[in-house]
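Notes to accompany the following structure.
Values reported hereafter were calculated over all heavy atoms of this structure, with side chains retained and with hydrogens, waters and symmetry mates removed. We number each residue from 1, following the sequence as shown.
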Amino acid sequence: MEYDVEYLKNQTNINYDKTLCYCKNVSYRDAYRSIADNKITTLEEVVEKTQASTGCGGCKERILSLIEYAKTNNYEPLNV
């Protein structure tokens, strides 16, 4: 099952630590924090900050969803 930030915000804190990128072991928490803290707008910027999506690339769509979510919500921090 894939998790987006909206789903994670409605769950317990531990769910933020679900893996987003299995190849580079990047959690949703780490990826979203990088996006929100740096006001990232592109996949390439996330790759540079986290190394996510530099293995098989299977997490690209999840990363793009996080970027869109962050932009839509003015880069609101997770607060957990």
Linking I/L/V/M/F/W/Y whenever their side-chain heavy atoms sit closer than 4.5 Å, directly or via other members, would Tyr28 and Ile40 fall into one cluster? yes
Rounded to the nearest 0.5 Å, the CD atom of Glu48 sits from the CG atom of Asn38 at a distance of 9.0 Å
CD1/Ile67 to CZ/Arg62 distance, rounded to the nearest 0.5 angstrom? 13.0 Å
Tell me whether Val26 is reachable from Val47 by hopping between hydrophobic residues (I, L, V, M, F, W, Y) whose side-chain heavy atoms are closer than 4.5 Å. no
I'd like to know if Val46 and Leu20 are part of one continuous hydrophobic network [Ile/Leu/Val/Met/Phe/Trp/Tyr, side-chain heavy atoms within less than 4.5 Å]. yes
Gap separating the OG1 atom of Thr50 from the NZ atom of Lys24, nearest 0.5 angstrom: 10.5 Å
Checking the side chain of Thr19 only, and the main-chain atoms of Tyr22 only, is there a donor and an acceptor separated by less than 3.5 Å? no
Straight-line distance of Lys49 NZ to Ile35 CD1, nearest 0.5 Å: 12.0 Å
Tell me yes or no: between the side chains of Thr72 and Glu68, is some donor less than 3.5 Å from an acceptor? no
I need the Tyr69 OH to Tyr75 OH distance, nearest 0.5 Å. 13.5 Å
Over all atoms of both residues, closest heavy-atom pair of Ser53 and Cys21: N-SG, 3.5 Å
With rounding to the nearest 0.5 angstrom, report the OG to CZ distance, Ser34 to Arg29. 12.5 Å
